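First comes the structure, then the notes that go with it.
Remember, predicted model here, so these are calculated numbers, not experimental data. Computed from heavy atoms alone, side chains included, the values below leave out hydrogens, waters and symmetry copies.
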Amino acid sequence: MSAVGLIYVGTVLIVNGLLLLGWLTPREAGPLNLFVGALQVLTPTYLIFVAGGDLNAIFAASGIYLFGFTYLWVGINAVKDYSNRGFGWFALLVALCTLVYAAESFLRAQDAAFGVIWLLWGILWFLFFLVLGLERQHLAPATGVYTVVIGVITTVAALMTLLDGWSGSWTVAIVIAVVGVLALAVSAPAARPLTAPVKEVVD
């Protein structure tokens, strides 16, 4: 995925995190999802069209569709006030796909840092599955916090790449992994309990 596209991926993740936290309404977050979703569908379509059958180029472009369909779906649901349950189950399939792209980054592209980012994205999509597909709404605030953090990581990675400062080394990978784990740890307390605690009645 191009660094330019990653900037917008990171930006829309931050916006969607704020949406999950209740700081934005679906209609307020919808337009950006539609804009970025359209960009992330048109871009890989063009790249595959000009790839000339190069399987490596086609594979690299194919992962962009995961983001494009995600944001288009979220954006359409937001502006039309549709249910997100269908998208939640799609998110589970995307989470599984990220394992393949992460493995490719680790083993073939020799970019361990980006491999970790793919895994962090996979965790994020799995959380979307829990919150939206299985309707575990008590996880929405925690998922919102995690989404914002992953959005920031994505944006920083994109800017570093554009500034020719990106390194796919294992040192960078470990730093990103630690930040990701800390993001999960920090966001966990934000999860609301499934049921409100029952107060004791004192006679």
Side-chain angles (χ1 to χ4, degrees), residues 1-2 5-6 8-10 12-14 16-17 19-20 33 36-37 39-41 43-45 47-48 51 55-78 82-140 142-151 153-154 157-158 168 170 173-174 176-185 187-188 191:
M1 185 185 304
S2 73
L6 271 182
Y8 296 102
V9 167
V12 79
L13 283 176
I14 293 171
N16 287 343
L19 170 62
L20 286 166
N33 277 276
V36 178
L39 175 67
Q40 302 294 58
V41 168
T43 299
T45 300
L47 293 175
I48 291 173
L55 291 180
N56 288 329
I58 292 172
F59 179 83
S62 66
I64 305 175
Y65 281 119
L66 300 177
F67 298 90
F69 294 148
T70 290
Y71 300 139
L72 279 180
W73 201 333
V74 170
I76 292 171
N77 286 352
Y82 292 153
S83 166
N84 277 307
R85 286 191 64 214
F87 165 72
W89 283 92
F90 168 73
L92 174 61
L93 299 177
V94 176
L96 295 175
C97 288
T98 61
L99 299 177
V100 176
Y101 291 98
E104 191 275 339
S105 293
F106 284 119
L107 302 176
R108 190 166 67 176
Q110 298 296 307
D111 189 338
F114 212 82
V116 170
I117 290 177
W118 270 111
L119 293 177
L120 295 180
W121 285 335
I123 294 171
L124 181 58
W125 265 301
F126 184 72
L127 289 172
F128 290 158
F129 162 65
L130 294 179
V131 173
L132 303 173
L134 298 184
E135 299 182 307
R136 301 292 192 264
Q137 292 300 318
H138 66 288
L139 295 175
T143 302
V145 173
Y146 182 74
T147 303
V148 170
V149 174
I150 299 306
I153 291 174
T154 302
W170 278 99
I174 292 171
I176 295 173
V178 169
V179 173
V181 171
L182 289 175
L184 282 174
S187 63

Only one of Leu139, Ile123, Leu13 clears side-chain contact (heavy atoms from CB on, under 4.5 Å) with Tyr146; which? Ile123
Which pair of non-hydrogen atoms, one from Leu20 and one from Gly144, has the smallest distance, and what is that distance? CB-CA, 3.7 Å
Within the structure provided, determine whether Val41 and Ile64 are in side-chain contact (heavy-atom separation under 4.5 Å). no
Rounded distance [0.5 Å steps], NE2 in His138 versus CG in Leu130: 8.5 Å
Any non-hydrogen side-chain atom of Phe67 less than 4.5 Å from a side-chain atom of Val12? no
Minimal non-hydrogen separation, Gly122 against Thr98, with atom names: CA-OG1, 3.2 Å
Give me the atom names and distance for the closest heavy-atom approach of Ala57 to Ala51. CB-CB, 4.0 Å
Could you grab the distance from atom CG of Leu66 to atom OH of Tyr71, nearest 0.5 Å is fine? 10.5 Å
How far does CG of Asn84 sit from CD1 of Ile76, to the nearest 0.5 angstrom? 11.5 Å
Supply the atom-to-atom distance Ile153 CD1 to Ile176 CD1, rounded to the nearest 0.5 angstrom. 7.0 Å
When you look at OH of Tyr8, are more than 12 heavy atoms from neighbouring residues, nucleotides or ligands closer to it than 6.0 Å? no
When Phe87 is tested against each of Leu72, Val94, Thr70 for side-chain contact (heavy atoms from CB on, under 4.5 Å), which residue passes? Thr70
Value rounded to 0.5 Å, distance of CD1 in Ile117 from CG in Leu124: 12.5 Å
Locate the shortest heavy-atom distance separating Leu119 from Ala102; write the atom from each residue and the value. CD2-CB, 3.7 Å
Test ring pair (Phe, Tyr, Trp, His ring centres under 6.0 Å) on Tyr82 and Trp73; report intermediate values, then the result. CA-CA 10 Å; Tyr82 292 153; Trp73 201 333; over 10 Å; no
Which atom of Gly133 lies closest to which atom of Trp89, heavy atoms considered: O-NE1, 3.4 Å
If we check ring-ring contact (aromatic ring centres under 6.0 Å, His included) with Trp121, which of these qualifies: Phe126, Phe114, Phe128? Phe114
Kindly say whether Ser105 contributes a backbone atom to a donor-acceptor pair with the side chain of Gln110 at under 3.5 angstrom? no
Here the gap from Leu127 atom CG to Leu132 atom CG, rounded to the nearest 0.5 Å, amounts to 10.0 Å
Which heavy atom of Pro44 sits nearest to which heavy atom of Ala61, and what is that distance? CB-O, 3.2 Å
ring-ring contact (aromatic ring centres under 6.0 Å, His included) partners for Phe69, two or more places apart: Tyr65
Do Val116 and Phe106 have side chains that get closer than 4.5 Å, going by heavy atoms? yes
Name the one of Leu184, Ile150, Val181 that satisfies side-chain contact (heavy atoms from CB on, under 4.5 Å) with Leu120? Ile150
